Amino acid sequence: MSSKKHFETNAIRTQAERSSQREHSVPIYATSSFVFDNAEQARALFANEEEGNIYTRFSNPNNDEFIQKLCLLEGTEDGMAMASGMAAMFTSMAAFLNSGDHIIASRSVFGSTHQILTQLFPRWGITHTYVDLSDPAEVWEKAVTPNTKMVFAETPSNPALDLIDLEWLGQFGKKHNLIVNIDNCFATPYLQNPAKYGVHIVTHSATKFIDGQGRAIGGAVLGSKEHIEKVRFFARHTGPAMSPFNGWILSKSLETLAVRMEKHCDNALKLATHLESHPEVVWVKYPFLPSHPQQALAKKQMTLGGGLVTFELGGGVERGKRFLNSLKMISFSANLGDTRTIATHPASTTHSKLNAEEKKVVGITDGLIRVSVGLEHLDDIKEDLEQAIKASK
Ligand SMILES: *Cc1c(COP(=O)(O)O)cnc(C)c1O
């Protein structure tokens with residue numbers, strides 16, 4: 001499929017080669033290995049002289065279809081499917097970093113990414129420095145050491161929905177000869193393509209908006225042929241491979257990503273605008289709202305504002321808990337990026353162990369509610385939020 005086709009077409013029409021059964025929809029290649037036609041072909045496949053499947057830990061038609069689509073959607077040369085978002089995050093770092101290397105990361109990263117940086121990597125002599133997304137360029141510059149090899153960030157961040165200027169970050173990486181790695185999970189390739197700005201590695205948790213229906217865990221690492229060669233070597237021999245069943249689900253999911261993201265973002269912007277005028281709501285944060293301090297940057301690097309909205313419910317931690325206990329339709333779940341609207345209260349759950357200063361640094365306040373806006377009718381989402389806000393008073 002030519003990359004000159006549009007996003008939706010690439011997401012739908014990129015397809016594994018049709019078999020002799022003439023199927024219209026791609027079957028699931030539930031096979032651990034593939035047979036060789038003869039000894040010469042086996043030799044050529046193992047010697048990388050011929051491209052083809054050998055074993056599903058290395059490659060599989062369903063996972064390859066998923067990755068080919070993602071490469072077209074992100075504008076990257078190559079990629080590899082991973083068993084989970086965390087397999088993608090870990091592999092995208094471990095494939096490049098050696099003992100003694102240093103990584104600069106934005107402070108508000110996903111919880112398990114934080115554990116890799118602070119608990120696991122130090123065991124292998126890999127150190128990190130956290131920088132805030134809002135820190136000025138000098139602070140980022142100061143974090144660079146002679147051993148710095150990679151810079152990693154999430155934009156928009158979770159749950160603060162702060163952004164980093166990808167164009168600036170691409171130049172920063174180039175200036176210091178760093179591998180720039182962006183977790184593009186919140187934006188999805190429909191809203192933002194980090195590779196356009198010189199970002200070398202784009203990582204995804206496909207579990208979120210890419211699946212979009214809360215069914216499957218998966219991830220991906222994307223980048224240039226040269227970078228992905230290293231990722232592939234590391235993954236081939238350590239085994240974070242995606243299951244073909246999940247590859248099949250997630251490739252199907254990409255077919256509807258564009259229409260789903262349009263609706264997620266439309267519902268989210270309307271909900272954010274509505275909440276901003278609500279007397280019980282102290283503030284609302286959404287990248288495309290004029291009140292977001294980085295709205296101009298959001299409009300520059302994102303086509304739409306995303307599916308997440310955060311707001312501050314006056315009344316602190318206890319009111320936040322009462323609010324969640326009062327929801328009738330909206331789910332109280334750790335996931336996000338689902339057809340179903342999901343609400344969470346970081347101060348009493350995911351971030352309850354942080355002290356006041358740490359919470360402030362990652363942008364979490366006591367009454368902060370994060371809403372992953374789903375695809376239900378907007379009026380029903382509003383109604384449930386409204387009754388829960390009232391009941392939690
Ligand atoms: C969920 C998430 C991950 C981890 O993905 P899994 O598929 O759950 O392993 C990584 N980064 C971000 C931003 C996430 O939201």
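Values below: all heavy atoms of this structure, side chains included; hydrogens, waters and symmetry mates excluded. Values in this document were obtained by computation on a predicted structure and should not be read as measured data. All ligand and atom numbering here is 1-based and tracks the order in the structure.
Below 3.5 Å of separation, one finds no N or O of T113 facing any N or O of ligand 1. Backbone and side-chain nitrogen or oxygen atoms of E154 are examined, and none is located within less than 3.5 angstrom of a nitrogen or oxygen of ligand 1. Between G85 and ligand 1, at least one pair of N/O atoms sits closer than 3.5 Å. Considering backbone and side-chain N/O of C185, none are found under 3.5 Å from N/O of ligand 1.
Look at E141 and K175 and you find a salt bridge, because one of the NZ, NE, NH1 or NH2 atoms lies within 4.0 Å of a carboxylate O, short of that distance. Ionic pairing of E318 and K321 is present here: one or more N-O contacts between side-chain nitrogen and carboxylate oxygen are shorter than 4.0 angstrom. Of the charged side-chain nitrogens involved, none lies within less than 4.0 Å of a carboxylate oxygen, so that K208 and D338 do not count as a salt-bridged pair. Ion pair K196/E167 not flagged as a salt bridge, since none of the NZ, NE, NH1 or NH2 atoms sits closer than 4.0 Å to an Asp/Glu carboxylate oxygen.
A distance of 3.5 Å separates CD1 of I381 from OG1 of T341, quoted to the nearest 0.5 Å.
Atom 4 (C) of ligand 1 has as its closest protein heavy atom F110 CE2, 3.4 Å. For atom 5 (O) of ligand 1, the nearest non-hydrogen atom of the protein is S205 OG, 2.9 Å. In terms of protein heavy-atom proximity, atom 9 (O) of ligand 1 is closest to M86 N, 2.9 Å. Among protein heavy atoms, the minimum distance from atom 12 (C) of ligand 1 is reached at D183 OD2, 3.4 Å.
Proximity to T207 (heavy-atom distance under 4.0 Å) selects the following atoms of ligand 1: 6 (P), 7 (O). Heavy-atom contacts of G218 reach the following atoms of ligand 1: 7 (O) (cutoff under 4.0 Å). Near F186, meaning under 4.0 Å from any of its heavy atoms, are these atoms of ligand 1: 15 (O). Against a heavy-atom cut-off of under 4.0 Å, S84 is close to the following atoms of ligand 1: 7 (O), 9 (O). Within ligand 1, the atoms closer than 4.0 Å to a non-hydrogen atom of K208 are 1 (C), 2 (C), 3 (C), 14 (C), 15 (O), numbered from 1 in the order shown.
Between F121 and F90, the angle of the ring planes lies from 30° to 60°, which puts this pair in the tilted group. Using cut-offs of 30° and 60° for the angle between ring planes, the F172 and W168 rings count as parallel.
In this structure, N158 has no heavy atom closer than 4.0 Å to ligand 1.
Under the ring-ring contact (aromatic ring centres under 6.0 Å, His included) criterion, the residue pairs touching residues 248-290 are F209-H264, with sequence neighbours excluded. For residues 92-108, every residue pair satisfying the salt bridge (Lys or Arg N to Asp or Glu O under 4.0 Å) rule, not counting sequence neighbours, is listed here: D101-K149, R107-D132.
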